[in-house]
Structure formats: structure tokens, C-alpha cells
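Report on one structure; see the data block that follows.
Because only heavy atoms are used, hydrogens play no part in the values below, and waters and symmetry mates are left out as well, while side chains stay in. Quantities reported herein were computed from a predicted structural model and do not represent experimental measurements.
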Amino acid sequence: MPREFSRTRRVGEQIQRELSGMIQREVKDPRVGWVTVTGVEVSRDMAHARVYVSVLSSDPGPGQDVGQVVTALNHASGFLRRRLSQTLVMRTIPQLHFQHDVSIERGSRLSSLIDQALAEDEKKGGR
């Protein structure tokens, strides 16, 4: 049975906290706007970390395409990894692989569908 708080989970949470601030303060790429780090999964050998990001923009502009944001973050992963090595006390810092997290958008869409269905039921006199 795995431990409640495994080392990979703790390292992932620490990387998430550090990356959240670094992306906002230190990444100067104009393609990276309002990005939230929603989760980090670290491999068992601590060699790779999958970083899930969500773009916080209701209307993405020309520089806010999700694919471009993820590409820009993957391009800046070496810089971010080096900055992580300066803040984290670890022998090796995992390679960062950024991926778009669709869970927030999916949850928002489901919530709006539920609200719409409730409104239709109320309109028909169901409740």
C-alpha cells in the first residue's frame, strides 16, 4: 500500500507552487498571458514532470491560443528548470513537459449545461 504523502506527490506540489510564481513574474514571452498551473505529476524516478496548465482567458486574443501558450512554455522549460534548481533543494530537477488542462473548461461547460437545463425545467413549470 503506498504511503499517504509520497515523495513524488510532495515534490510535484512544491514544483507547482514555485512554477506558478515564476511563470507570472519571470517568463517574458508575450504568448504567455494569464496561465495557471493546475497540477504537476512527477515520475517515480524524478526525471520528468508533467505540468498541467490552464489559460485564464474567456476570449483568447491573437497571442492567447492555447497551443501557442503551451508551445511557449515548453520552449521556456529549460529556463524554468534552471530557476527551479536555484530554489529547490534536490539532486536533480525533473525535465518539465507542459500540457493543457481541460478540466476547468469541461467543468465550466457542464455547469452551464446544468444551469440551462434547470432554467428550462423552471420555464416549463417543472419546479
Side-chain angles (χ1 to χ4, degrees):
M1 182 167 138
R3 289 183 289 190
E4 181 82 20
F5 296 104
S6 68
R7 183 163 191 258
T8 57
R9 184 174 168 193
R10 288 187 313 236
V11 168
E13 289 172 356
Q14 183 66 29
I15 289 174
Q16 180 178 354
R17 281 191 296 272
E18 297 293 333
L19 277 179
S20 295
M22 283 182 197
I23 290 172
Q24 294 301 318
R25 290 187 313 264
E26 299 177 20
V27 175
K28 303 296 183 199
D29 194 323
R31 295 177 290 181
V32 179
W34 291 100
V35 174
T36 300
V37 178
T38 57
V40 176
E41 290 179 0
V42 180
S43 64
R44 289 180 72 103
D45 62 355
M46 304 282 181
H48 299 277
R50 186 174 296 141
V51 182
Y52 294 100
V53 295
S54 178
V55 179
L56 298 177
S57 176
S58 60
D59 182 31
Q64 287 292 322
D65 180 35
V66 174
Q68 289 180 352
V69 171
V70 171
T71 301
L73 287 172
N74 279 317
H75 186 265
S77 66
F79 166 75
L80 292 169
R81 184 177 181 209
R82 186 177 72 236
R83 293 290 292 134
L84 278 174
S85 71
Q86 296 169 355
T87 59
L88 297 179
V89 181
M90 293 177 59
R91 182 174 294 193
T92 60
I93 301 298
Q95 291 183 357
L96 304 174
H97 306 282
F98 290 91
Q99 291 186 346
H100 180 243
D101 185 11
V102 296
S103 63
I104 294 175
E105 287 131 11
R106 185 176 296 142
S108 173
R109 195 179 104 241
L110 286 174
S111 178
S112 69
L113 287 173
I114 291 170
D115 291 342
Q116 181 182 0
L118 289 174
E120 287 177 9
D121 281 349
E122 199 171 289
K123 185 176 165 183
K124 291 179 181 177
R127 282 192 172 184

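Applying the side-chain hydrogen bond (donor to acceptor under 3.5 Å, both in side chains) test to every pair with at least one member in residues 79-90, sequence neighbours left out, gives these pairs: E26-R83, R83-Q86. Listed by first then second residue, pairs satisfying salt bridge (Lys or Arg N to Asp or Glu O under 4.0 Å) with a partner in residues 38-50 read E41-R50, not counting sequence neighbours.
L88 CG to Q14 CD: the interatomic distance, rounded to the nearest 0.5 Å, is 5.5 Å. To the nearest 0.5 Å, the span separating CG on L80 from CG on L19 amounts to 6.0 Å.
Applying the side chain to side chain contact (heavy atoms under 4.5 Å, CB included) rule to D29 yields the partners V27, R31, V32, A72; only residues at least two apart in sequence or on another chain are considered. Taking the side chain to side chain contact (heavy atoms under 4.5 Å, CB included) definition, one finds that T36 meets it with T38, L56, sequence neighbours left out. Judged as a side chain to side chain donor-acceptor pair (under 3.5 Å), and not counting sequence neighbours, R109 has no contacts. Looking at residues two or more places apart in sequence or on another chain, you find a side chain to side chain contact (heavy atoms under 4.5 Å, CB included) between H48 and S43, Q95, H97.
Taking 4.5 Å as the limit, every side-chain heavy atom of Q99 sits out of range of all side-chain heavy atoms of V70. Between L84 and M22 there is a side-chain heavy-atom pair separated by less than 4.5 Å.
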Original post:
Run the side-chain contact (heavy atoms from CB on, under 4.5 Å) check on W34 and Q24 step by step: do they pass?
Top reply: CA-CA 8 Å; W34 291 100; Q24 294 301 318; 3.9 Å; yes

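In terms of heavy-atom proximity, F98 sits nearest to N74 at N-OD1, 2.9 Å.
Salt bridge E13/R9: present, at least one basic N to carboxylate O contact under 4.0 Å.
At distances below 3.5 Å, at least one donor-acceptor pair connects side-chain atoms of T71 with backbone N or O atoms of G67.
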